[in-house]
Amino acid sequence: MATQEKVSEHNLGKIISHAKEYGFVFPSSEVYDGLAAVYDYGPYGVELKNNLKTLWWKSMTQLQDNVVGIDASIFMHPLTWKASGHVDSFNDPMVDNRDSKKRYRADQLLEAKAEEYAKAGQEEKGHALLVEMGRLLDAGDLNGVREQIISEGIVCPVSGTANWTEVRQFNLMFSTRVGSVAEDADTIYLRPETAQGIFVNFLNVQKTARMKIPFGIAQVGKAFRNEIVARQFIFRMREFEQMEMQYFVRPGEEMKWYEFWKETRLKWHQAVGLPAQKLKYHVHEKLAHYANAAVDIEFEFPFGFKEIEGIHSRTDFDLSQHQKLSKKKMQYFDNEINQNYVPYVVETSVGADRLFLAVLCNAYTEEVVGEGENQKERTYLKLHPAIAPVKAAIFPLVRKDGLPEKGMQIFNQLKQDFRVVYEERDAIGRRYTRQDLIGTPFCIAVDYQTLEDNTVTIRHRDSMEQERVSIEELRDKIAREVSFSRIYEQL
RNA sequence: GCGAAAGUAGCUCAGCUGGUAGAGCGCGACCUUGCCAAGGUCGAGGUCGCGGGUUCGAACCCCGUCUUUCGCUCCA
């Protein structure tokens, strides 16, 4: 009888320590004291993350018969970001109130003021204020914006004072320069989202893969955002990985597909092992400029419910914008209705690192086992076998009498199909524990009986129970348990 | 970016009113043992986050800085 105690509140610290100590996630450049909000994946972390990415990729491109993949570059033509709106809306003028220590977007303060005027029947005054603000922002006159705030008598809602700092520009896109001669070099950006690589390739993909609407394009890749505050371990990083799928549909049918993906994706997270009660939808009331519907799938992290995936109905905003700026048609001819149109898009966008963190938080388990005198605490990662970094460990019970040789034989055979490890050092109990800590679902022990009848014991991580099976059965038995199809079955 | 707290061995931490570092666990080798973090022997590993200052002397006091966590703030 094991009383189980799941990690719930305020122990992100435990997860972070565990992740570091057992080779999942390290702070970047730790020998130089680290780099804020950047992390590296260690030996087991990379296996787990790769498994999650592969699972997602196959769920999209293999299980869905009308979704294909691409891998676009991180660098893109600068106009891409003009078209997407990032150049304009990823540049925010910020101002702090010195008394309340609160930070605001300067433009939003002025917009709120303009709204007040409008409500008071002074619409023209409000309009004039915004026009002037637009002029100042275009001219890069941040001081002018600050003077506007002060002369309008705008005060901080918290402190009630007008003790404002300078207005400063925050650019959320990282830029670099292409061209070896500095003066001739062009500024280009590191992509702040992977979606645009899909949009600009829409026609290439549609034509070469001969896709018919509705169809989707999937992509896994890095994106970069110069977050003002990056926090909460790998939850919000400046360099992160997205798993995105853009689904192109007939205009007017987007809500049907939006609902379809909303449900499909929630089910997927559950199938990976995230419990239903720790997942919920969060519908956006305030929509981004491109969307006509948006919902987040949130997971209950130790620091609360937070987004792991977004499902957005992006309308034809992106393709239309690219059509406008590139002057290339982004249209599809639909034989069924005999019409040319710019497709609407439903996006599913998972943060790979967030999913990783959710899976890790959920898997981290501390429980008390044994009774009375024998009671002790046990820590292990309850990962779905299909995504566990190591599938099985092979242990000879003792380090003599030919057991190591037999163990190596089994190891060499299994390693062709699975990520397995072989260990003969230390007491077997400790070896079990070490595997528990990294979430290995199966430990195979070679004992004296093995030499007689070619059977071994398989010890199951979660129940700690053992069963005896013949060596010939091993491969198939493990294969069944660790196969992605165990997850697909739940979809 | 603001506020608070913290930073000593791989991890968790101790280190008194300043007198140039310790423990447990872990790690490596060997011996004994053999089914859930076993015992023994030996060993590796720290310029106490970094840089200044005060002092005869700084892990400890002062200043600065970096990093992390938490709370704001921001978040397509």
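A, B, ... follow the sequence lines: proteins, then strands. Residue 1 opens every chain.
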Participant: Roughly how far apart are E244(A) CD and E347(A) CD, rounded to 0.5 Å?
Facilitator: 4.5 Å

Participant: Donor-acceptor pair, R461(A) side chain versus G439(A) backbone, under 3.5 Å?
Facilitator: yes

Participant: Would you mind classifying the nucleic acid contact of Y39(A) as base, sugar-phosphate or nothing, using non-hydrogen atoms under 4.0 angstrom?
Facilitator: sugar-phosphate

Participant: Tell which nucleotide pairs with U17(B), taking only Watson-Crick or G-U wobble pairs whose two distances are both under 3.5 angstrom.
Facilitator: none

Participant: Rounded to the Å, how far apart are K14(A) NZ and U69(B) C1'?
Facilitator: 16 Å

Participant: Tell me the interatomic distance from D426(A), atom CG, to G39(B), atom C1', rounded to whole angstroms.
Facilitator: 13 Å

Participant: Any residue in residues 397-414 of chain A with a heavy atom nearer than 4.0 angstrom to RNA chain B? Just list them by number, or reply none.
Facilitator: L397(A), V398(A), R399(A)

Participant: When all nucleic acid strands are considered with a 4.0 Å heavy-atom cut-off, which category describes Q466(A): base, sugar-phosphate, or nothing?
Facilitator: base

Participant: Would you indicate what R431(A) reaches in the nucleic acid, counting non-hydrogen atoms under 4.0 angstrom: base, sugar-phosphate, or nothing?
Facilitator: base

Participant: Under 6.0 Å between the ring centres of Y39(A) and Y41(A)?
Facilitator: no

Participant: In this structure, how many angstroms lie between the C1' atom of C75(B) and the CZ atom of F305(A), rounded?
Facilitator: 20 Å

Participant: Kindly point out which of U69(B), G10(B), G26(B) is positioned nearest to the side chain of I16(A)?
Facilitator: U69(B)

Participant: Please name the nucleotide paired to G64(B) by Watson-Crick or G-U wobble geometry with both distances under 3.5 Å, or report none.
Facilitator: C50(B)

Participant: Watson-Crick or G-U wobble partner for A59(B), using a 3.5 Å limit on both distances?
Facilitator: none

Participant: For K222(A), run the salt bridge (charged side-chain N to carboxylate O under 4.0 Å, His left out) check against E239(A), E193(A), E241(A) and tell me which one passes.
Facilitator: E239(A)

Participant: Find which nucleotide of RNA chain B each of E193(A) and P396(A) is nearest to by heavy atoms, and output the residue with the more 5' nucleotide.
Facilitator: P396(A)

Participant: Among C35(B), A29(B), U69(B), find the nucleotide with the atom closest to the side chain of R425(A).
Facilitator: A29(B)

Participant: In whole Å, what separates the C1' atom of C75(B) from that of A4(B)?
Facilitator: 23 Å

Participant: Please report, rounded to the nearest Å, how far the P atom of A37(B) is from the CD1 atom of I428(A).
Facilitator: 12 Å

Participant: For U41(B) versus G46(B), give the span between their C1' atoms, rounded off to a whole number of Å.
Facilitator: 25 Å

Participant: With a 4.0 Å cut-off on heavy atoms, is S17(A) in touch with a base, just the backbone sugar-phosphate, or nothing at all?
Facilitator: sugar-phosphate

Participant: Considering Watson-Crick and G-U wobble pairs with both distances under 3.5 Å, what does U12(B) pair with?
Facilitator: A23(B)

Participant: Which residue, E21(A) or M464(A), contacts RNA chain B at a nucleotide closer to its 5' end, judged by nearest heavy atom?
Facilitator: E21(A)

Participant: Could you check whether D436(A) gets within reach of a base, just the sugar-phosphate, or nothing at all, counting any heavy atom under 4.0 Å?
Facilitator: nothing

Participant: Using whole Å, report how far CZ of F26(A) lies from C1' of U68(B).
Facilitator: 17 Å

Participant: Is the shortest side-chain N/O distance from R430(A) to OP1 or OP2 of C25(B) below 4.0 Å?
Facilitator: no

Participant: In terms of side-chain heavy atoms of A427(A), which of G34(B), C75(B), A37(B) is nearest?
Facilitator: G34(B)

Participant: For atom C1', what is the distance between C48(B) and C30(B), given to the nearest Å?
Facilitator: 33 Å

Participant: Is it true that the side chains of Q196(A) and S84(A) contain a donor and an acceptor less than 3.5 Å apart?
Facilitator: no

Participant: Not counting sequence neighbours, which residues clear salt bridge (Lys or Arg N to Asp or Glu O under 4.0 Å) with D426(A)? List them please.
Facilitator: R434(A)

Participant: Using modelled atom types only, decide if a donor and an acceptor are shared between the side chain of Y247(A) and the backbone of W261(A) within a distance under 3.5 Å.
Facilitator: no

Participant: Run H18(A) and Y364(A) through ring-ring contact (aromatic ring centres under 6.0 Å, His included) and show every step you take.
Facilitator: CA-CA 9 Å; H18(A) 192 93; Y364(A) 184 87; 5.2 Å; yes

Participant: Could you please name the partner base of C2(B), counting Watson-Crick and G-U wobble pairs only when both distances are under 3.5 Å?
Facilitator: G71(B)

Participant: Name the nucleic acid region contacted by R314(A), choosing base, sugar-phosphate or nothing; use a 4.0 angstrom heavy-atom cut-off, strictly under.
Facilitator: nothing

Participant: Measure from the side chain of L437(A), starting at C-beta and using heavy atoms only, and say which of C36(B), A37(B), C11(B) lies closest.
Facilitator: A37(B)

Participant: Looking at K20(A), I'd like to know whether one of its side-chain N or O atoms comes within less than 4.0 Å of OP1 or OP2 on C11(B).
Facilitator: yes

Participant: If pairing requires Watson-Crick or G-U wobble contacts with both distances under 3.5 Å, which nucleotide is the partner of G45(B)?
Facilitator: none

Participant: Hey, does the side chain of R378(A) reach the backbone of T433(A) with a donor-acceptor pair shorter than 3.5 angstrom?
Facilitator: no

